[in-house]
Amino acid sequence: MAADPTTTSYLDSLNDVQRQAVTTTDGPVLVVAGPGSGKTRVLTFRIAHIIEQGTAPYEILALTFTNKAAREMKARIETVVGKRASYIWAGTFHSLFARILRVEAQHIGYPSNFTIYDTDDTKSLIGSIIREMNLDKQVYGANAIKNRISSAKSSLITPKLYEQNEELLAQDKLANMPLVYKIYAAYVGRCKQAGAMDFDDLLFRLYELLQNVPEVVEKYRKKFKYVLVDEFQDTNTLQYAIIKRLVQYPQSPRNICVVGDDAQSIYAFRGATIQNILDFENDFGTFGIKTFKLEQNYRSTENIVNTANAVISYNKRQIQKSIWSDKGVGDKIRIIKAVDDNEEGRRVADTILEQKNRYHLQNSDIAILYRTNSQSRIFEEYLRRFNILYRVYGGQSFYQRKEVKDLIAYLRMVVNPNDEEAFRRSINHPKRGIGGTSVAKVTTLARQEGLTLFEALKHVALPNRTRHAADGYIHVIEKAQAKVDSADAYEVADMIAKSSGLTDMLRSDKSIEGMARLENHEALLDGIKSFVEDDTVIDTDTLPDKSLATYLQNIALLTDADEGDATNTDVVTLMSVHAAKGLEYKSIFVVGLEEKLFPSWMSMDSLDGLDEERRLFYVAITRAELYLTLSYANTRYRYGKMVMNEPSRFLAEVPADAVENTTGGGRRSNDFEFDKVARQREHRARVTGVAPRNRRGTARFAAPKVDPATFQPSPTDEVEVGRTVMHLKFGEGKVLHVDGGTDNRIATIHFSELPQPEKRIMLKFAKLQVLD
DNA sequence: AGAGCGCGCCTTTTT
DNA sequence: GGCGCGCTCT
C-alpha cells in the first residue's frame, strides 16, 4: 500500500531501528528493547501500521502483562487509526483467555458461567483437601502446595504427569510431603466439579482446548492474523506453548512479534523463564526471524543509564546490548542513610518536599518504590504528616476485602451454585446457626453421593432448627437465581444484599471499623450499579453484557492498579518495584536497600535468585527520568521486632562517580524535636479516631458530575447529531455522530470535561438529558 | 453453635 | 505487630 500522509507522519517520529521494527510486519520478529527505548511506541505503531495495511483490528491479538498496559496501548493506537482500535483483541493473557473460554467452555466440560477462583479460594480449597485427607497441615502448608501446583500447571504438568515424574516426587519426598501429587489430583477434580478455574487454569485449560479440539484451534488460528506479545521475558512455559499453538503450524504465516528485555525479567518466581526468548530464536529461526535491538534510552539521564548498566553488568547471563542516552549527564544520584525505618520515612518525605520546591515537580512526577508491600505504611504516615497527597498501589485490592468478598460469595452462588468456596464462605455468614458440624455432614453426603455442596445441603439430615436455617439460605440463593436472567446484575445484588442479611448485619455494627466495612459493602453495590449503567462501548464485536456472570468474571481479573484514578490525579505514587514495571517518573525513590530486604532473604541463597533481585533493582532505577534517590535504614521493625541490616550489596554496585557527595552524615539538628511534635499529633489523631484508615477510601467510583436529583433522562430518540446533552457521569457533551442498527444506536459524543473527550455511548443504556 | 482467648505464623514479588 | 486459626468454655 502506498504511504499516505498519516502513515508517513507517525513513521517519521521513529528512529531507524524502531521504524524497521514497526514496518517489518510479516514473519517472526523479536524486539529486544532496553528500558525507555520506546518499546510501547513500537508496539502501538506496529499495530496501527498493520491496520493501515488493511488488516481488520479484531484479527490482531496483542497480549500484554497488565490491563493497564492494554488500555494505554489501545488509547494510543486510537490516536492513529481512530475508533477501530477498540476492536483489537488487546489485554492480559488471563483476561483474553477467559473471554475465549467463556465461549468455548462446553468443549472441555465447563459451564460458560465458570467461576474464577482467586488466591484465597485456592488456598482455602487446598486447606480443605489437606484436612479431608487427614494430613498434618504443619507439614503440608497450603501456601507451599499452592505454589507447587501452580508451577506444575505453568510447566504443562498435569496430575497424571506429576505422578509419573520421578524428579517431582523425589522433591516432594525430600520436603516431607510425598502426597502432593494426590492433593494436586484432588484439587483439579474439585475445581472441575465446582465449575471453577484458578488463574493458572485460565491458561492451562485454554491450552488443553487448543490441543484437543481441532475446530477450536482452527478457528482462532484463522481469526488471529497477527499476534504480538509484550514483556515476553515474563511469560512462562505454558504461555509460550499457547502462543506457539496459535502461530506455529504448517502453512502458518507466523506473524508473531515478541517484545522483551531479558534484563527486566522479574517473574521467574512464578515460572517465567528467559529461556523463552532463546527458544523463540530457535523455534522460528528457520522461518526468517528478524531481530531488532532498541538500545537508545529516551527516558533517563546519562547518570541514571550508566548506573543501570553498571549494576546489571554484575549479572553474567544476558543478551548483549549497550543502552545509551543523549539526554545529558543530569543530576547525581542521592543516597539517604537513615538509622531506622522511621527516619527513612521522614527523610524521604522531606526530600520530596525539597524536590517539589527546587525542581517544581508535581506529586504525580514522583514515586516511591519498595521491595515488599508492607514497607508502604511508614511512608504513608510521613507523607500524610507533610500534607503530601499519595496513592498506594498493590497490596490488598478492594475486591479482596472480607466484607466485599462476603457479598461476592453470594453472587457467585447465584451464578454458579456448584462453587464450593463461595458456599463455604456464605453458608454461615451472617451467622444463621449452620456451623462446622453441619457443614461436615453436608460435605460427607456430597462426597458419598457425588453431589455438589449446595445439592447436598438440600437433602442432608439435619436437626429441625438447623434444617430451617438451611432452607432459609437455599431460599435466598434460589430466589435470586430465578431472577438472574430477567434482571441486571445490580438488581440481583441489591436483592441479595438485603435478603441474605448482610446489609443489616453490617449496619448494626457501629464501631469505626464496622462503619468502614459498611461503606465498602455499599461501594461494591455502587460499583455493580455503575457496571450496569456504563454505556460506553468497550468491545464492539460482542454486545454489552450486563449479566452478573460477566461482572464476576471481570472483577476476578482486576488488580488494584486497574482501579479508578478518577478523583485526584496529582498524587505521589507508592508501589512495589514489580508493580512499577513499564512506568516512568521524573523522580524515583528506591527505598529499603538493605541486605535481606532488597535483595530479599528468600532469594539470597541462590545465584539465580540474586540475579533476579538485581534485575529487579535494575527495573527500579530505570523508572527514573531525572532524579534518583536510594535509601536504607540500619535498623527497622519487622514482625514487631527490631532488626539490624547491612546496606544492600546493590549500593556497592552503584558507580561512585554517579553519586552525590554527602559529607557529614546528614542529620539535621531539629530531627528529634520534629519527632516529638509529630508523635504527639499522631497520638491525638489516634485517640480522636481521625486517624487515617481505609487508605484507598471509597472514592474509587467516579462521583457524578451532575446532581442526580435534578437530572431527567430524555427519550433516546431525541438524541441527534448536533444536540447538546448531559450525561450523569461525564457532564455536558455534544453529539457528533450516531450510528449502529435501529435497535442498538450508538452515539459518538464529545464531552469537553473529560481528558479523553470522545465517548461512544450505547443509547439503549444511555442516561442522557437533551439540553437544547 | 458461638464467643473469647492465646498461639503461631507471617512478608517477597502478581495474574 | 497483627491477623487467623483452633482450642476451650459456656
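Every value quoted in this text rests on a predicted model; they were computed, and no experiment measured them. For the numbers below, each heavy atom of this structure counts, side chains included, while hydrogens, waters and symmetry mates do not.
- Looking at heavy-atom distances under 4.0 Å, T372(A) makes contact with sugar-phosphate atoms alone, never a base.
- Of the two residues near DNA chain B, S576(A) and I434(A), the one whose nearest nucleotide lies more 5' is I434(A).
- Listed nucleotides: dT11(B), dT15(B), dT12(B). Nearest to the side chain of M602(A): dT12(B).
- One interatomic measurement links the two molecules: CE of M197(A) to C1' of dT15(B), which rounds to 15 Å at whole-angstrom precision.
- The phosphate of dT15(B) (OP1 or OP2) has no side-chain N or O of T66(A) nearer than 4.0 angstrom.
- Contact annotation for S374(A): base contact, defined as any heavy-atom pair under 4.0 Å involving a base atom.
- Here the nucleotide nearest the side chain of H94(A), chosen from dC10(B), dT15(B), dT12(B), is dT15(B).
- D608(A) is not listed as a side-chain neighbour of E612(A), based on a closest heavy-atom distance of 4.5 Å or more.
- Separating the CG atom of D118(A) from the C1' atom of dT14(B) is a distance of 12 Å, rounded to the nearest angstrom.
- Atom CG in D340(A) sits roughly 15 Å away from atom P in dG1(C) (whole-Å rounding).
- Among the atoms of the strands shown, only primed sugar atoms or phosphate atoms (P, OP1, OP2) are found under 4.0 Å from some heavy atom of T437(A).
- The environment of K402(A) atom NZ is sparse: at most 12 non-hydrogen atoms of other residues, nucleotides or ligands sit within 6.0 angstrom.
- Using a 4.0 Å heavy-atom distance criterion, K641(A) is classed as making no nucleic acid contact.
- The aromatic rings of Y267(A) and F269(A) sit tilted, their planes meeting at an angle between 30° and 60°.
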Exercise for review: Tell me, with the steps shown, if M197(A) and F204(A) meet side chain to side chain contact (heavy atoms under 4.5 Å, CB included).
Suggested key: CA-CA 10 Å; M197(A) 297 196 204; F204(A) 197 65; over 6 Å; no
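- One finds a side-chain N or O of N373(A) lying less than 4.0 angstrom from the OP1 or OP2 phosphate oxygen of dT13(B).
- T119(A) has no side-chain polar atom (N or O) that falls below the 4.0 Å cut-off from OP1 or OP2 of dT15(B).
- When heavy atoms are screened at a 4.0 angstrom cut-off, Y267(A) is found touching the sugar-phosphate backbone but no base atom.
- The side chain of R270(A) has dT14(B) as its nearest neighbour among dG1(C), dA1(B), dT14(B).
- Put simply, N143(A) has no side-chain N or O that comes within less than 4.0 Å of OP1 or OP2 on dC10(B).
- Residue N428(A) is classed as a sugar-phosphate contact, given heavy-atom separations below 4.0 Å to backbone atoms only.
- Between F65(A) and W601(A), the one whose closest nucleotide on DNA chain B sits nearer the 5' end is W601(A).
- Aromatic ring centroids of F598(A) and Y370(A) lie 6.0 Å or more apart.
- Comparing dT15(B), dC10(B), dT12(B) against the side chain of S600(A) picks out dT12(B) as the nearest.
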